[in-house]
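Not measured: the values here are computed from a predicted model. We name chains A, B, ... by the order of the sequence lines, and we start the count at 1 in each one.
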Amino acid sequence: MNSLLAHLNPPQLAAVTLPPAHALILAGAGSGKTRVLPPRIAWLISTGQVSPPGVLAVTFTNKAAKEMQTRLAGMLPINVRGMWIGTFHGLCNRLLRAHYRDAGLPQLFQILDSADQQSAVKRLLKSLNVDDEKFPPRELCQFINAQKEQGLRPAAVEAWDDWARKRVGLYEAYEAQCQREGVVDFAELLLRSYELLERNEPLCRHYQERFRHILVDEFQDTNKLQYKWLKLLAGGGAHLFCVGDDDQSIYAFRGADVGNMADFEREFKVPNLIRLEQNYRSHGNILDAANAIIKNNPTRLGKNLWPAAGSGEPIRIYESYSDGDEARWIVEEVKALQRDGHARAEIALLYRSNAQSRALEHALFNAGLPYRVYGGLRFFERAEIKHALAYLRLIANTDDDTAFARVVNFPARGIGARSLENLQDAAKAANSSLHAAIPQVAGAGGAKLAAFARLIESLREAAYLPLPELVAHVVDLSGLRAHYQNEKEGQERLANLDELINAAASFVAEEGTPNQDGEITGEFGNDLSSFLAHASLEAGEHQAGEGDDALQLMTVHSAKGLEFNVVFISGLEDGLFPHENSLSETRDGKSGLEEERRLMYVAVTRARQRLYLSFAQTRMLHGQTRYNLPSRFLDEVPEELVKWLTPRAGKGGFAVSSAPTYPATSRRSESSGGSGFRIGQSVMHAKFGLGVIINAEGGGSDARVQVNFGNAGIKWLALAVAKLEAAN
DNA sequence: TGGGAGTGCTTTTTT
DNA sequence: AGCACTCCCA
């Protein structure tokens, strides 16, 4: 017990040992939030204020959930696995499995991931003969998810014109299709379990009385529906303990609503608001920079981090000519860091968008530096894995048309578009699943379909096998193995399929069938369906090479929650970071720029000891060279914290005008009609301010240049008319 | 039916 | 540039 509370600073200690009441913990970056949540649970349990089944702890990622369980298990001799600690989606899945009948779902309902959802929507549009140009599946999915995340069923969605009404109609049809197929998408997991509790009073009361303490991590990332879900569950007098940081809210673009923090404080009359402001992670200069940046956001709950360590090193800023030069400079710097004894795994290369990793990877590969890119295709998202899973899903539920459509002709068995069309028509006429409609289809196509149905049947007959054997059986009998054996590049895919069999084995070993859980038990389905849910909910950690000492490459988004001794933030250019699309966005009266700034804040606060910021004058993006101004966020870092590794750039302009700074690559100087200006050059315009020349045409008195003025936009200017001055 | 060429899109992302 | 998707021809 004492060890539980040792090493806590006063606010942390206060948070952990708060008396039972609602609480909002504003936990700044690096302020030791992980030292608060698990100890809080452990303290509540060990002081007898709550029993383990009375705790509900919610996170956003599986990783965070697992970490919480591990830490808790290290503090208390209890069975953590039976506790309700998990992600919103994981816990909702659990709820729906336990009460599938009340929720109006088949026992073995399947979960659609985003890709599945999109293909389901595509299939829907096709079957309804809807033009997918007018209703792009991607957009339609976003619309549907956005509605669900606000708790809105089709009937409740307002629509003012034909197009909007049509869209709502498609939402409705999509729901019907999912219901018929027995599948739910991610948003549906939440909405369905919310409605389940809301409409079923005894059940709701049961859980309200059971969960006495509800703890929420990353509360700033909750959306409206998740907040409503929490409110509903806490409605029986439970105590809500929410930890969050409004300055790290970077998911508004997908529906997260920081407003929940203020709403929570108001609606629950939260008596305990605790600020964790002492930062144990970063040196002072880094924190000062972060504070200075985030201070520019007008709408904040207010919080200033102060360091536990000294001010440390200055922040290093580097300007390069091109993205390639930037990458090569980073490589050299990393090599130097290695020589100084820094482990590669302690160095992170962050960027705003995934496309930027390519230049970095290229340079790292050439230099032979091991690196690991986060955020690639994950294990359960690989095509061959999804194929195998689709067969498994058909074993669990033959009505799963998404799975059916995926593999009916994979590996190829001569069932073409024509036969499928017939099948779809038959299914539509009978309002049945594709599988059920097979006997309706005549002719050669019908015979082939019938053969496929027999294949499914024989796979289903093997369902009694232990899960790993079943998976192996499916991989063989479906023809997937043979298919990839014949394919030239199929070796890796075969290896992945074998890995799937392994994954099934370890899944059974770790979380196999008996899932005793409080009072309501015995309805969790079998190994197969829980394995499939696991595959959807937990797409599997990225790639191999986890344990290796490799550089860490990732977007700023995926770096949230992580920390490194050394951090490079590359591509700090206006248009990239802040992203150009963000400049015109607003959400709940807050500008997209504010979210970009929070993103920058998150990026900066990842660094413990050393922070590099870099930008390039030219960058290859989508096959075109772009000329951007340095990021405005660079200007927000106080000068006294900075050490320029290249000559200091003026406010908003470039310092290095002609010669590439690193390495001295030979570069043809592109001139614009002998005017004395060149592409990439910074110029000053009386009205538009600073800009960069990004294109030129004509010559002599006719010379015109295109200039990117950042805020003021991109303009074509005639040199004879516009009075441009070189700004270097 | 299936592969190869042509076309279009491209912020961030977990579940 | 690179990838996914579509269309067309063998």
Side-chain angles (χ1 to χ4, degrees), chain A residues 58-65 86-93 111-119 122 132-133 136-139 142 145 148-149 184-190 218 221-223 225-226 249-256 323 350-359 361-362 374-378 380-381 383 409-420 444-445 448 487 533-542 554-561 571 575-585 592 595-596 598-600 602-603 619-626:
Chain A
V58 202
T59 63
F60 274 85
T61 65
N62 293 299
K63 201 174 156 199
T87 62
F88 277 102
H89 295 86
L91 295 171
C92 287
N93 175 50
I111 300 167
L112 302 184
D113 67 20
S114 325
D116 296 332
Q117 185 188 27
Q118 243 188 73
S119 58
K122 265 188 204 159
D132 63 0
E133 306 258 286
R138 208 183 118 100
E139 219 165 78
Q142 283 173 358
N145 293 337
K148 290 188 180 183
E149 278 161 14
V184 297
D185 57 47
F186 286 136
E188 184 73 23
L189 281 173
L190 276 153
E218 305 277 17
D221 286 338
T222 49
N223 62 34
L225 180 57
Q226 287 162 335
S249 154
I250 56 175
Y251 287 111
F253 75 91
R254 65 172 197 217
D323 47 354
L350 308 185
Y351 34 82
R352 175 65 179 81
S353 64
N354 280 311
Q356 287 167 251
S357 76
R358 201 150 269 138
E361 287 185 69
H362 182 74
Y374 285 74
L377 198 58
R378 291 179 303 172
F380 285 109
E381 290 169 356
N409 196 36
F410 194 95
R413 39 180 80 89
I415 300 173
R418 195 57 164 278
S419 314
L420 279 182
K448 285 172 179 167
E487 205 175 61
H534 166 84
S536 301
L537 290 173
E538 202 169 331
E541 262 317 288
H542 319 280
M554 64 192 88
T555 63
V556 179
H557 281 91
S558 25
K560 191 169 103 173
L576 250 170
F577 197 2
H579 197 279
E580 54 198 348
N581 295 0
S582 74
L583 301 178
S584 53
E585 284 170 355
E595 179 144 319
E596 294 289 306
R598 290 192 293 270
L599 202 48
M600 181 67 185
V602 167
R619 185 173 296 275
M620 204 52 164
L621 204 64
H622 310 318
Q624 276 182 329
T625 305
R626 307 193 6 155

With heavy atoms under 4.0 Å as the rule, sort [X] into base, sugar-phosphate or nothing.
X	answer
A:N354	sugar-phosphate
A:A187	nothing
A:N409	sugar-phosphate
A:I111	nothing
A:Y251	sugar-phosphate
A:F253	base
A:N62	sugar-phosphate
A:E585	base

- Can you spot which of A:I111, A:N93, A:N145, A:L112 makes a side chain to side chain contact (heavy atoms under 4.5 Å, CB included) with A:F186?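 It is A:I111; the other options fail the test.
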- Could you tell me whether the side-chain ring of A:H89 sits stacked on the base of B:dT15, using a centroid cut-off under 5.5 Å and a plane angle under 30°?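 No, A:H89 does not stack on the base of B:dT15.
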- Does any donor-acceptor pair link the side chain of A:S114 with the base of B:dT15 at a separation under 3.5 Å?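 Looking at the base of B:dT15, it does pair with a donor or acceptor on the side chain of A:S114 (distance under 3.5 Å).
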- Task: Select one nucleotide: of B:dG2, B:dT11, C:dC3, the one nearest the side-chain heavy atoms of A:R352.
- Result: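 Looking only at side-chain atoms, A:R352 lies closest to B:dT11.
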- What's the closest nucleotide to the A:K122 side chain, out of C:dC5, B:dG2, B:dT14? C:dC5
